[in-house]
Amino acid sequence: MAYVIHDTAHVEKRAKERGFTFEQAIETVNEPTSIIKVPPRRGNHNGMIWLFNRDFNGRILIIVAETKNHECWIITGYWN
């Protein structure tokens with residue numbers, strides 16, 4: 001299931017600052033290698049905040065996002 005991504009201007013700014021693309025962020029959320037769900041936290045939209053991980057050429061991109069049903073608000077992202 002692909003998420004409907006909201007508030008993309010913030011994601012694009014973070015991506016540029018931290019050296020990943022908007023497309024990589026979306027791919028990480030929609031097709032993660034793993035999702036870290038501990039500790040469970042509620043976000044501003046009453047969804048759950050998860051850490052989505054995906055490998056890109058030997059580097060792990062972590063996207064922190066709030067999801068609720070089929071909607072997603074990306075909070076931040078960074079390379080690990």
Side-chain angles (χ1 to χ4, degrees):
M1 168 188 68
Y3 287 102
V4 175
I5 307 296
H6 298 283
D7 302 328
T8 60
H10 178 74
V11 180
E12 292 166 359
K13 179 183 176 188
R14 286 290 173 257
K16 184 183 247 185
E17 292 173 352
R18 298 182 179 167
F20 61 90
T21 66
F22 177 71
E23 290 75 22
Q24 287 174 318
I26 301 304
E27 186 176 345
T28 300
V29 170
N30 285 325
E31 299 175 22
T33 303
S34 67
I35 303 172
I36 300 172
K37 297 182 176 184
V38 177
R41 301 179 303 242
R42 288 268 177 208
N44 293 339
H45 306 282
N46 207 28
M48 298 304 291
I49 297 176
W50 308 128
L51 278 69
F52 297 84
N53 302 296
R54 185 171 176 92
D55 182 279
F56 289 95
N57 300 321
R59 297 177 72 194
I60 304 294
L61 179 60
I62 299 175
I63 299 295
V64 181
E66 177 184 354
T67 61
K68 181 178 179 184
N69 299 325
H70 64 281
E71 298 180 282
C72 177
W73 295 265
I74 296 177
I75 299 166
T76 194
Y78 54 92
W79 293 104
N80 190 11

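These numbers were taken from a predicted model, which means no experiment stands behind them. Because only heavy atoms are used, hydrogens play no part in the values below, and waters and symmetry mates are left out as well, while side chains stay in.
Between Val29 and Tyr3 the shortest heavy-atom distance is CG1-CD1, 3.5 Å. Heavy atoms only, all atoms of each residue included: Ala25 and Phe20 are closest at CB-CE1, 4.0 Å. The shortest non-hydrogen separation linking Asp55 to Gly58 is OD1-N, 3.2 Å.
Follow the hydrophobic side-chain contacts under 4.5 Å out from Ile35 and you reach Val11 in the same cluster.
Side chains of Arg42 and Met48 form a contact here, defined as non-hydrogen atoms less than 4.5 Å apart. A 4.5 Å side-chain heavy-atom check between Asn30 and Phe52 finds every atom pair outside the cut-off. The shortest side-chain heavy-atom distance between Ile63 and Arg54 does not fall under the 4.5 Å cut-off. Thr21 places none of its side-chain heavy atoms less than 4.5 Å from the side chain of Phe56.
Within a 6.0 Å sphere centred on CG of Asn44, heavy atoms belonging to other residues, nucleotides or ligands number 12 at most.
A donor-acceptor distance shorter than 3.5 angstrom exists from the side chain of Glu66 to the backbone of His45, with no hydrogens or angles considered. The closest donor-acceptor contact from the side chain of Asp7 to the backbone of Ile74 lies at 3.5 Å or more, if one exists at all. Panel note: side chain His10, backbone Ile75; a donor-acceptor pair is recorded below 3.5 Å.
To the nearest 0.5 Å, the span separating CZ on Arg18 from CG on Leu61 amounts to 11.0 Å.
With sequence neighbours left out, the side-chain contact (heavy atoms from CB on, under 4.5 Å) criterion links Ile36 to Leu51, Asn53. Taking the ring pair (Phe, Tyr, Trp, His ring centres under 6.0 Å) definition, one finds that His6 meets it with Trp73, sequence neighbours left out. A search for side-chain contact (heavy atoms from CB on, under 4.5 Å) contacts involving Arg59 returns Trp79, not counting sequence neighbours.
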